[in-house]
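Residue indices begin at 1 and follow the sequence shown. Since the model is a prediction, treat every value here as computed from it, not as a measurement.
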Amino acid sequence: MKILAITSCPNGIAHTYMAAENLQKAGAKLGVELKIETQGSIGVENQFTEQDIREADGIIIAADKTVVKDRFVGKKLLLVGVQDGIRRPEELIQRMMKGDVPVYQAQSKSVEDTGENKPKQNPIYRHLMNGVSYMVPFIVIGGLLIAVALTMGGVKTPGGLVIPEDSIWKTIESIGGAAFTFMVPILAGFIAMSIADRPGLAPGMVGGFIAANGSFYGSEAGAGFIGGIIAGFLAGYVALAIKKIKVPRSLQPIMPIIVIPVLASLVVGLIFVFVVGAPVANLFEALTVWLAGMQGTSSILLALILGAMISFDMGGPVNKVAFLFGSAMIGEGNYVIMGQIAVAICVPPIAMGLAAMMNKKKFTSAEREAGKATFTMGLFGITEGAIPFAAQDPLRVIPSIMVGSMTGSMIAMFGNVGDRVAHGGPIVAVLGAVDNVLMFFLAVIGGAAVSIIMVSLLKKDVAGVTPAVVGEGAKETPAGARKELAADTAAPVAADSAEVTSTVTNNDTATEAPAIRVEKLTDIVTMDLINLNLTGTTQDAVIDEMIGVLEQNGAVRADGDFKQAILAREQESSTGIGMNIAIPHGKSDAVLKPSVVFGIQQDGVDWKSLDGSEAKLIFMIAVPRNSKQNAHLKVLQMLSRKLMDDDFREALLAVTTKEEAYQLLDQVQ
């Protein structure tokens with residue numbers, strides 16, 4: 001019997017390869033020919049050929065992220081979480097051998113495992129995160145390019161900051177604007193794809209484009225990212241419904257490429273234009289009239305309403321109504337309204353950027369990195385920078401930034417802040433377009449502070465949630481996998497080896513050390529980096545002890561921040577992967593050369609491991625922050641595979657000399 005298996009976890013590091021190793025061992029034990037494709041952080045390895053699929057008796061997918069299944073139509077397909085691949089490999093293979101598995105059909109929703117194996121997660125959240133993860137790069141590209149163009153080439157005019165048409169900065173602004181036009185269609189398309197697989201992608205993008213362009217339904221402003229979310233879910237479930245329709249076998253090949261995309265796009269487009277779009281357009285026209293009628297009423301109430309509208313959908317139709325109202329007031333000589341709006345515009349991205357960078361307990365490492373770009377966009381009045389955070393956690397983020405913008409707007413009103421151009425953010429103050437500049441900045445600071453406090457109080461800690469990784473469709477993992485070993489996946493590494501360069505600083509002069517090729521563990525482990533008798537009895541003590549070994553061997557500077565990097569990683573989620581193993585790791589400027597320390601603590605140390613076991617076999621990975629390749633990913637993968645071998649673990653625990661340990665570690669490759 002020949003079985004194919006795919007393993008994949010959200011981060012694509014340890015669990016992907018642990019599941020692959022255990023399935024391979026179970027297949028050998030049961031006498032089954034098993035080929036395993038891993039979809040990890042370094043990409044697809046051991047990819048199936050058409051012949052492999054044709055000859056296979058069945059496919060097992062042990063994954064906690066979306067795996068495209070179109071190539072398996074007509075094959076028996078078992079879909080489970082990656083933890084089942086680690087913990088129940090023999091049972092999965094035996095189910096396939098007994099034939100107790102349905103056949104995957106293109107017209108039906110992907111085969112589901114029994115209820116006990118379904119991921120314990122909110123599917124709506126999972127679909128939404130799939131769209132958000134693909135949308136983020138477009139926001140970053142558009143926001144930063146427009147910000148650069150406005151800063152370098154913007155000219156203050158009564159109509160706002162204007163870039164001359166014959167300037168190179170106008171071209172750069174146009175490129176940024178082009179990226180922004182893709183934002184909502186991409187969001188909607190990948191939400192729909194998460195729901196209905198590939199047939200949902202095109203209808204979702206078409207629906208997202210219609211949602212973002214109010215001209216389809218008579219509105220000056222489109223429905224924004226909220227309309228894109230509506231279009232994405234609508235397209236996904238319409239496409240899914242069409243997939244379930246029974247059709248003759250002769251029509252099955254054209255269903256996913258012609259029938260489903262065309263019908264779903266038509267249905268979604270018509271619904272959005274005639275059912276959703278027109279009422280939205282009428283609502284926003286009424287809002288504009290209502291705001292115009294409030295000028296003689298309470299200034300405080302108007303400031304609160306404008307602040308809330310600006311931050312509610314961050315560049316969407318509600319935001320646009322308030323912004324256009326403020327722009328119209330400039331033409332009438334009333335600059336105070338636009339002053340309040342100019343403050344409210346920048347509070348969401350500035351607040352979310354600062355909150356993400358400051359609060360490691362509430363935001364993942366990927367979100368903290370994204371926060372830097374979000375904060376920068378806020379400085380240039382690009383509210384859309386906060387959209388990824390709002391889309392990921394709308395019930396907590398949107399109220400927080402609305403209250404912050406309302407606070408900032410009200411402070412600006414009391415401070416008589418005026419803005420003479422139709423733009424917002426600190427950039428307009430720097431360019432001299434703002435009256436009462438000091439109060440403008442106090443309003444921004446006050447509003448951002450309120451949002452930061454609120455979002456920090458409302459958001460949950462991230463310890464139990466896998467960090468979002470752009471392009472993977474971040475999601476909450478099954479209960480057993482919530483402490484997935486994560487790592488910085490900013491750059492891919494080669495499938496067979498990794499080359500690492502490090503920068504050594506001497507007398508303020510940076511020099512690049514020769515590349516180190518990592519093909520096996522002993523390329524960066526020496527006998528001097530092995531400690532068979534760790535004496536620390538707590539996690540912190542063991543970390544200090546192992547860092548001390550690195551310092552003694554000239555791998556880490558004693559005055560650096562390597563320990564902070566290790567502890568920051570532990571705060572995201574424990575690096576105790578279970579089975580008495582812990583793999584703490586970190587990247588820091590204090591690391592002079594990539595190294596791994598191996599230590600044994602025979603009594604065990606509490607490392608908050610996945611399975612509750614105490615850590616006895618501990619590997620600490622140290623990598624320079626500016627290394628060109630993420631060698632620690634390769635090392636993590638090598639270790640994850642080898643440490644699944646019970647005999648290997650027992651042999652490591654039984655070693656009595658460094659030489660014995662080194663010989664065993666030399667097998668890790």
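Within the 4.5 Å cutoff, side-chain heavy atoms of I350 are placed close to those of P426. Residues V444 and C346 form a side-chain contact, since some pair of their non-hydrogen atoms from C-beta on lies under 4.5 Å apart. L234 places a side-chain heavy atom less than 4.5 Å from the side chain of I271. V67 is listed as a side-chain neighbour of Q39, based on a closest heavy-atom distance under 4.5 Å. V206 places none of its side-chain heavy atoms less than 4.5 Å from the side chain of V268. Using a 4.5 Å heavy-atom cutoff, the side chains of I387 and M183 are in contact. Side chains of Y134 and M193 form no contact here, defined as non-hydrogen atoms less than 4.5 Å apart. Within the 4.5 Å cutoff, the side chain of V437 has no heavy atoms near those of the V417 side chain.
To the nearest 0.5 angstrom, I163 atom CD1 is 11.0 Å from I168 atom CD1. Atoms CE and CZ, from M352 and F375 in turn, are 13.5 Å apart once rounded to the nearest 0.5 Å. The CE atom of M152 sits 9.0 Å away from the CD1 atom of I172 when rounded to the nearest 0.5 Å. A distance of 10.5 Å separates CD1 of I452 from CD1 of I445, quoted to the nearest 0.5 Å. Once rounded to the nearest 0.5 Å, the distance linking CD1 of I305 with CG of L301 reads 4.0 Å. How far CD1 of I345 is from CD1 of I382: 10.5 Å, rounded to the nearest 0.5 Å.
Nearest heavy-atom pair, I191 versus G232, reported as atom, atom and distance to 0.1 Å: CG2-C, 3.7 Å. Closest heavy-atom contact between P261 and A202: CB-CB, 4.5 Å. For the pair A565 and G586, the tightest heavy-atom approach, listed with the atom from each and the gap, is CB-CA, 4.4 Å. Heavy atoms only, all atoms of each residue included: L306 and Q340 are closest at CD1-OE1, 3.9 Å. Contact detail for F440 and G425: the closest heavy-atom pair is CZ-O, 3.5 Å. Heavy-atom minimum distance, P199 versus I260: CB-CG2, 3.6 Å.
K170 contributes no side-chain N or O that, together with a main-chain N or O of P164, makes up a donor-acceptor pair within less than 3.5 Å. At least one donor-acceptor pair closer than 3.5 Å links the side chain of N213 to the backbone N or O of F209. Checked by atom type and distance alone, the side chain of T374 pairs as donor or acceptor with a backbone atom of G385 at under 3.5 Å.
With sequence neighbours excluded, the residues forming a side-chain contact (heavy atoms from CB on, under 4.5 Å) with A443 are V343, I411, A412, listed by chain and number. For D561, the side-chain contact (heavy atoms from CB on, under 4.5 Å) test picks out Q564, S588, A590, R625, with sequence neighbours left out. By the side-chain contact (heavy atoms from CB on, under 4.5 Å) test, M358 pairs with L354, sequence neighbours left out.
Within the structure, side chain to side chain donor-acceptor pair (under 3.5 Å) contacts touching residues 182-196 (residues at least two apart or in different chains) are H127-S194. Here side chain to side chain donor-acceptor pair (under 3.5 Å) pairs that include residues 429-455, with residues two or more places apart or in two chains, are R420-D435.
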Check residues 395-410 and write down every donor-acceptor pair under 3.5 Å in which the side-chain atom is one partner and the other belongs to a residue at least two apart or another chain.
{"unit_1": "R396", "atom_1": "NE", "unit_2": "L458", "atom_2": "O", "d": "3.0"}
{"unit_1": "R396", "atom_1": "NH1", "unit_2": "D393", "atom_2": "OD1", "d": "3.2"}
{"unit_1": "S400", "atom_1": "OG", "unit_2": "R396", "atom_2": "O", "d": "2.7"}
{"unit_1": "S400", "atom_1": "OG", "unit_2": "V455", "atom_2": "N", "d": "3.4"}
{"unit_1": "S405", "atom_1": "OG", "unit_2": "A344", "atom_2": "O", "d": "3.2"}
{"unit_1": "S405", "atom_1": "OG", "unit_2": "I401", "atom_2": "O", "d": "3.2"}
{"unit_1": "T407", "atom_1": "OG1", "unit_2": "V403", "atom_2": "O", "d": "2.8"}
{"unit_1": "S409", "atom_1": "OG", "unit_2": "A303", "atom_2": "O", "d": "2.9"}

Just do the side chain to side chain contact (heavy atoms under 4.5 Å, CB included) check on I229 and L187 with the steps written out, would you? CA-CA 7 Å; I229 292 173; L187 171 66; 3.8 Å; yes
Let's go through F389 and K459 carefully: what are the C-alpha distance in whole Å and the side-chain angles of both, what is the deciding distance for side chain to side chain contact (heavy atoms under 4.5 Å, CB included) to 0.1 Å, and is it a yes or a no? CA-CA 11 Å; F389 295 96; K459 276 184 69 68; over 6 Å; no
Might you work through the side chain to side chain contact (heavy atoms under 4.5 Å, CB included) test for E173 and L145, ending with a clear yes or no? CA-CA 6 Å; E173 181 198 37; L145 288 182; over 6 Å; no
